[in-house]
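Taking it in order: structure first as structure tokens, then the write-up.
Here is the naming used below: chain letters follow the sequence lines, and residue numbers restart at 1 for every chain. What you see below is based on every heavy atom in this structure, not just the backbone, and it leaves out hydrogens, waters and symmetry mates.
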Amino acid sequence: KNQVEQSPQSLIILEGKNCTLQCNYTVSPFSNLRWYKQDTGRGPVSLTIMTFSENTKSNGRYTATLDADTKQSSLHITASQLSDSASYICVVSPGLTGGGNKLTFGTGTQLKVEL
Amino acid sequence: NAGVTQTPKFQVLKTGQSMTLQCAQDMNHNSMYWYRQDPGMGLRLIYYSASEGTTDKGEVPNGYNVSRLNKREFSLRLESAAPSQTSVYFCASSEKLLATYEQYFGPGTRLTVT
């Protein structure tokens, strides 16, 4: 069964500090991997999308890395801000012929940024 | 553009009652989805519509029905609500069904069944 596991489950950091969130997946064959940010009481919003051939992708202070060989991805947040407090969800898509109905969602990492 | 909108935002039902969750998108997307999100679990697909006029079951379809009313609107109906259906429901849309197309999510409906 396709699985996406994220760690840590939750994380508290001080404003201005950096942090890294992890995602391990077993989805095979693999098409692309997304990181979503979900604010409390809101729907998920896409941060980055990476295909199997990409190693790194940035979106402002967010940088995602992907190692398709070890089936691992990470999301690095630089110079955290209070507004970064949210759940970060890793989502993996199946092979090129797979549909949007085949996404596998992780359970998310709950990040809290404090003063 | 409003993106994906959902109504209502909150709802409390008694066991056995019925209700319909509404979803609309203004991005001219072909594909639409209904997910539920429960604590400690990833989003799970309930039903999806690859294009106007078609609907298919997802991972957890039991107890739900859907209608793709037109290209913009995709509704989810609970015919006889059960406490196990207490959850947050998200509607999403994408330009096409292929997984390479990004899904855009609505704000969610928080449903409690007592």
Side-chain angles (χ1 to χ4, degrees), chain A residues 1-10 23-54 57 59 64 86-110, chain B residues 2-10 21 23 25 27 29-51 54-61 66 68 74 88-110:
Chain A
K1 180 182 177 182
N2 290 334
Q3 287 188 310
V4 174
E5 295 184 352
Q6 294 186 242
S7 61
Q9 191 171 7
S10 61
C23 173
N24 295 337
Y25 62 92
T26 62
V27 177
S28 182
F30 164 76
S31 171
N32 60 63
L33 184 145
R34 297 174 171 85
W35 282 93
Y36 280 92
K37 179 187 180 188
Q38 185 176 20
D39 292 317
T40 300
R42 309 288 289 273
V45 175
S46 180
L47 291 173
T48 65
I49 301 176
M50 288 187 294
T51 66
F52 63 89
S53 62
E54 295 178 290
K57 201 155 195 179
N59 178 2
S87 178
Y88 291 84
I89 302 171
C90 177
V91 184
V92 181
S93 303
L96 289 177
T97 59
N101 56 311
K102 300 291 188 184
L103 304 185
T104 301
F105 291 80
T107 55
T109 291
Q110 189 68 45
Chain B
V4 179
T5 57
Q6 294 182 235
T7 56
K9 283 186 167 48
F10 301 94
L21 281 66
C23 172
Q25 51 90 11
M27 296 174 281
H29 284 172
N30 290 293
S31 302
M32 298 184 74
Y33 314 82
W34 275 107
Y35 292 93
R36 60 178 290 172
Q37 186 176 40
D38 300 296
M41 302 185 73
L43 275 80
R44 291 182 293 168
L45 184 65
I46 303 170
Y47 270 93
Y48 68 99
S49 171
S51 59
T54 70
T55 60
D56 281 291
K57 294 178 181 179
E59 180 186 355
V60 288
V66 291
R68 183 75 182 265
F74 189 37
V88 182
Y89 291 86
F90 289 99
C91 177
S93 72
S94 62
E95 186 175 341
K96 295 182 182 180
L97 183 64
L98 278 176
T100 48
Y101 289 90
E102 183 174 344
Q103 292 189 16
Y104 295 84
F105 288 83
T109 294
R110 186 174 295 274

**Study point:** Test log, rule side-chain contact (heavy atoms from CB on, under 4.5 Å), inputs A/R34 and B/Q103
**Key:** CA-CA 10 Å; A/R34 297 174 171 85; B/Q103 292 189 16; 5.7 Å; no
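To the nearest 0.5 Å, atom OG1 of residue A/T107 and atom CG of residue B/D38 are 12.5 Å apart. Here the straight-line distance linking atom OH of B/Y104 with atom OG of A/S46 works out to 7.5 Å at 0.5 Å rounding. The CZ atom of A/R42 sits 14.5 Å away from atom CZ of B/F105, with the distance rounded to the nearest 0.5 Å.
Atom CZ of B/R44 has more than 12 neighbouring heavy atoms from other residues, nucleotides or ligands inside a 6.0 Å radius.
Contacts between A/Q6 and chain B at a heavy-atom distance below 4.5 Å are absent for every atom of the residue. Heavy-atom distances place no part of B/Y47 under 4.5 Å from chain A, backbone and side chain included. Only the backbone of B/Y101 comes within contact range of chain A, with at least one heavy atom under 4.5 Å from a heavy atom of that chain. Of the atoms belonging to B/L43, heavy atoms from both backbone and side chain fall under 4.5 Å from chain A. Only the side chain of B/Q37 has a heavy atom closer than 4.5 Å to any heavy atom of chain A.
Looking only at side-chain heavy atoms (C-beta outward), B/Y35 and A/L103 come within less than 4.5 Å of each other. Using a 4.5 Å cut-off on side-chain heavy atoms (C-beta onward), B/F90 and A/P44 make contact.
Minimum interatomic distance between B/Y48 and A/N101 (heavy atoms only, all atoms of both residues): OH-ND2, 3.1 Å.
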